[in-house]
Amino acid sequence: MQKTINCASFRKMVLVGAKMLDNNRAKVDALNVFPVPDGDTGTNMSLTMQSAVKELATSAAGDFPAVCDLVSKGALRGARGNSGVILSQIFRGVCSVLRNAKAEADTRTFAKAMEAGTKVAYGAVSIPKEGTILTVMRMMSEFAMKNAGKYRDYETFLPAVIEEGDRALAKTPELLPVLKKAGVVDSGGVGLMTIMRGFLAALTGEEIVEIQTEAAANSADDEFGDNSDIINMDLGDIQFAYCTEFFVINLKKSTTLADIDKLRERLMAIGDSVICIGDLEMIKVHVHTNCPGVALTYALELGELDRPKIENMLEQNRALKAKIEAEKKEQGMLAICTGEGISKIFKDLFVDRVIEGGQTMNPSASDIATAVQKINAENVFVFPNNKNIILAAEQAKALVTNRKIHVIATKNVPQGFAAALAFSPEASTEENKTNMIHALDNVKAGQVTHAVRTTNVNGFSIKEGDIIGLDDKKILAKSDNIDEAVLKLLDKLKEESHEVITLYYGSEVKEEDAEALTEKVQDAFPDCDVDCHCGGQPVYYYLLSLE
């Protein structure tokens with residue numbers, strides 16, 4: 001009976017849990033409340049776990065503090081979407097307890113770790129909602145704390161905890177009416193239980209395939225447009241001051257290939273970025289070091305020096321920092337969206353950077369933080385443009401120390417446009433923030449897509465393939481054709497105060513079809529100005545904006 005786990009066991013639990021989730025993420029994605037083709041909870045949670053796995057792969061650390069720090073750091077940096085961020089906070093809490101374990105952790109310690117994970121996760125959400133992954137984690141941790149003394153070995157403890165988690169998961173539709181209407185349990189809870197089953201598999205010796213830690217194909221690191229001018233604004237400090245390069249020629253007769261290997265090892269001891277390649281005819285050397293003279297002396301033992309070059313990287317760094325500081329502005333803007341047309345509009349509104357992300361491709365907190373650091377401004381306004389990205393944007397604040405991030409809680413692209421339009425470079429940061437927040441109230445938004453499964457939700461009996469219209473909360477219209485769905489949705493959204501209707505058509509819509517629909521909308525709503533733009537967004541045929 002396994003009564004304790006050590007750091008190696010915990011490392012394996014994380015790896016197997018990540019693999020178990022990766023194998024089942026499509027099933028978790030399919031549990032989306034709305035029957036739209038963009039369920040991404042499983043993907044977000046899996047990418048979060050894979051980031052933790054990737055961080056673990058950077059070190060062979062053999063103690064709880066080091067392993068726990070790697071897991072916690074990796075999960076946070078890779079957290080995507082609300083589910084991924086919450087999962088990262090669960091691991092942060094769990095690791096905060098396990099890192100203090102001496103050599104081994106018994107079931108009581110693991111129960112305390114689960115309790116800490118619950119507290120940290122609840123604390124990360126401004127308004128915790130029951131019937132979600134939070135409920136599943138809370139009920140498991142409460143059970144674990146009450147019964148750790150009864151189940152003193154992991155072979156009986158973990159199955160009992162998992163059984164309780166399954167009971168909690170089954171209750172989620174009763175706690176969250178929207179789940180009951182959709183006929184599904186909480187997808188985040190399913191993802192968490194999948195990881196827990198991976199934990200158990202790791203301890204019981206179930207065979208697993210090799211963990212893959214490569215970056216996902218839909219990583220949000222890539223941005224729209226030309227990236228050739230990107231520089232990292234966070235230059236940091238130079239550890240090794242002198243970039244030293246030279247050739248070694250006319251090697252001494254006594255020099256051997258083993259001497260070249262020895263030179264490489266000696267250079268690595270006094271610097272980094274070491275290149276030491278060649279043969280007994282000529283050697284090419286490059287090293288960043290604080291002792292260029294020592295590097296040259298080592299090389300002279302093998303032969304003659306040719307074309308030596310030593311550059312002061314401290315001075316280069318100072319000059320670049322001075323240039324960046326001189327060009328720094330008070331305020332900048334970052335938008336997150338999908339679709340080249342949508343991106344172009346944001347850039348036309350003087351948004352400094354646009355990173356790719358949306359309902360089907362949530363950027364992580366680290367992605368957002370990295371993009372913010374590429375904006376040369378003291379204050380950066382971030383427009384998530386999706387309710388599932390807001391929490392990750394908030395988490396990015398903890399990863400950036402040289403910028404102040406202001407998250408404007410835009411839940412959709414039209415709100416993002418309104419926020420960008422409200423920006424004035426002459427206004428103060430607080431004035432702009434206030435104006436942007438107020439601007440969100442003047443916009444109503446909707447989107448039109450197709451159903452990917454048959455269900456009953458929001459009073460509609462929906463069949464797979466139906467065209468459906470939604471706002472940020474629920475389905476408002478359905479039809480068997482796109483144009484009718486748009487008109488029905490607009491009829492639900494439009495208020496007397498609205499004067500402008502804008503359609504942004506997606507990648508699957510032809511320009512001539514969009515123009516024809518624009519005329520229909522103008523005829524149906526003659527009291528409004530109707531405009532149409534190419535958004536190029538995937539999944540959604542149209543994004544609608546009413547102002």
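For clarity, every value in this text was computed on a predicted model and none was experimentally measured. Sequential numbering from 1 along the given sequence is applied to the chain's residues. Reckoned from all heavy atoms, side chains included, excluding hydrogens, waters and symmetry mates.
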Least distance between heavy atoms, Ala116 atom then Ser96 atom: CB-OG, 4.1 Å
Test salt bridge (Lys or Arg N to Asp or Glu O under 4.0 Å) applied to Glu115 - qualifying residues, sequence neighbours left out: none
Ser364 side chain to Arg77 backbone, donor-acceptor under 3.5 Å: yes
From OH (Tyr540) to OG1 (Thr338), nearest 0.5 Å: 9.5 Å
Asn412 side chain reached by Leu543 side chain, heavy atoms, under 4.5 Å: no
Chi angles and distances behind the side chain to side chain contact (heavy atoms under 4.5 Å, CB included) call for Asp352, Val380: CA-CA 9 Å; Asp352 296 272; Val380 178; over 6 Å; no
pair Thr172-Thr132: side-chain heavy atoms closer than 4.5 Å: no
Lys478 atom NZ, neighbour heavy-atom count above 12 within 6.0 Å: yes
Backbone of Glu163 reached by a side-chain donor or acceptor of Asp166 within 3.5 Å: no
Any donor-acceptor pair under 3.5 Å from Glu340 side chain to Gly535 backbone: no
Partner residues of Ser141 under the side chain to side chain donor-acceptor pair (under 3.5 Å) criterion, sequence neighbours left out: Thr118
Listed partners of Glu155 passing salt bridge (Lys or Arg N to Asp or Glu O under 4.0 Å), at least two apart: none
Reported CG-to-CG distance for the pair Leu489 and Asp491, which is rounded to 0.5 angstrom: 9.5 Å
Residue pairs, two or more places apart or on separate chains, that pass salt bridge (charged side-chain N to carboxylate O under 4.0 Å, His left out) and touch residues 82-100: Asp69-Arg99
Heavy-atom donor-acceptor pair, Asn458 side chain to Ile475 backbone, under 3.5 Å: yes
Phe199 side, atom CZ; Thr204 side, atom OG1 - distance, nearest 0.5 Å: 13.0 Å
Any residue meeting ring pair (Phe, Tyr, Trp, His ring centres under 6.0 Å) with Phe381, in chain and number order, not counting sequence neighbours: His406
Salt bridge (Lys or Arg N to Asp or Glu O under 4.0 Å) partners for Lys3, two or more places apart: none
Val521 side chain near Leu487 side chain, heavy-atom distance below 4.5 Å: yes
Heavy-atom pair of closest approach, residues Leu175 and Gly131: CB-CA, 3.7 Å
Distance, nearest 0.5 Å, that separates CG of Asp472 from NZ of Lys387: 6.0 Å
Side-chain donor/acceptor of Arg138 to backbone N/O of Tyr122, under 3.5 Å: no
In residues 183-191, what donor-acceptor pairs under 3.5 Å come from side-chain atoms, sequence neighbours left out?
from   : atom 1 : to     : atom 2 : distance (Å)
Asp186 : OD2    : Ile133 : N      : 2.9
Asp186 : OD2    : Gly188 : N      : 3.3
Asp186 : OD2    : Gly189 : N      : 2.7
Ser187 : OG     : Thr41  : OG1    : 3.1

For Ile86 against Leu134, the heavy-atom pair lying closest together: CG2-CD2, 3.8 Å
Which residues share a side-chain contact (heavy atoms from CB on, under 4.5 Å) with Ala101, sequence neighbours left out: Phe64, Ala105
Step-by-step side chain to side chain contact (heavy atoms under 4.5 Å, CB included) determination, Leu399 to Leu76: CA-CA 9 Å; Leu399 302 177; Leu76 175 59; 3.9 Å; yes
Closest contact, heavy atoms only, Gly165 versus Val136: O-CG1, 3.9 Å
Which residues share a salt bridge (Lys or Arg N to Asp or Glu O under 4.0 Å) with Asp348, sequence neighbours left out: Lys344
Non-hydrogen side-chain atoms of Leu21 and Met45 separated by less than 4.5 Å: yes
Thr4 side chain to Asp106 side chain, donor-acceptor N/O pair below 3.5 angstrom: no
Result of checking Asn44, Asn386, Thr43 against Asn362 for side chain to side chain donor-acceptor pair (under 3.5 Å): Asn44
Partner set under ring pair (Phe, Tyr, Trp, His ring centres under 6.0 Å) for Tyr504, not counting sequence neighbours: Phe417, His533
From CA spacing to verdict: side chain to side chain contact (heavy atoms under 4.5 Å, CB included), Gln2, Asp153: CA-CA 5 Å; Gln2 187 167 344; Asp153 61 84; 5.7 Å; no
Within 6.0 Å of NZ in Lys119, more than 12 heavy atoms from elsewhere: no
Crowding at CZ, Arg167 (>12 non-hydrogen neighbours, <6.0 Å): yes
Partner set under side chain to side chain donor-acceptor pair (under 3.5 Å) for Lys73, not counting sequence neighbours: none
Glu142 and Lys146: CA distance, side-chain angles, deciding distance, salt bridge (Lys or Arg N to Asp or Glu O under 4.0 Å) verdict: CA-CA 6 Å; Glu142 290 173 351; Lys146 290 178 182 178; 5.8 Å; no
Expected output: side-chain Asp483 to main-chain Leu517 donor-acceptor under 3.5 Å: no
Distance, nearest 0.5 Å, that separates OG1 of Thr518 from CG of Leu503: 5.0 Å
Short side-chain to backbone donor-acceptor contact, Thr107 and Tyr154, under 3.5 Å: no
Value rounded to 0.5 Å, distance of CG in Leu334 from CD in Gln373: 12.0 Å
Distance-minimising heavy-atom pair for Ala18 and Gln50: O-NE2, 3.7 Å
Exercise: identify the closest heavy-atom pair between Ala514 and Cys532: CB-SG, 3.8 Å
Worked check of side chain to side chain contact (heavy atoms under 4.5 Å, CB included) between Phe346 and Met333: CA-CA 10 Å; Phe346 272 117; Met333 294 184 285; over 6 Å; no
Any pair counted as salt bridge (charged side-chain N to carboxylate O under 4.0 Å, His left out), so long as it reaches residues 504-513, sequence neighbours left out: none
Main-chain N/O of Asn385 paired to Thr410 side chain as donor or acceptor, under 3.5 Å: yes
Heavy-atom donor-acceptor pair, Asn147 side chain to Lys150 backbone, under 3.5 Å: no
The single option from Val509, Thr449, Leu490 passing side-chain contact (heavy atoms from CB on, under 4.5 Å) against Tyr542: Val509
Asp22 side chain vs Ser46 backbone, donor-acceptor pair below 3.5 Å: no
Polar contact flag, side-chain donor to acceptor under 3.5 angstrom, Ser9-Asn6: yes
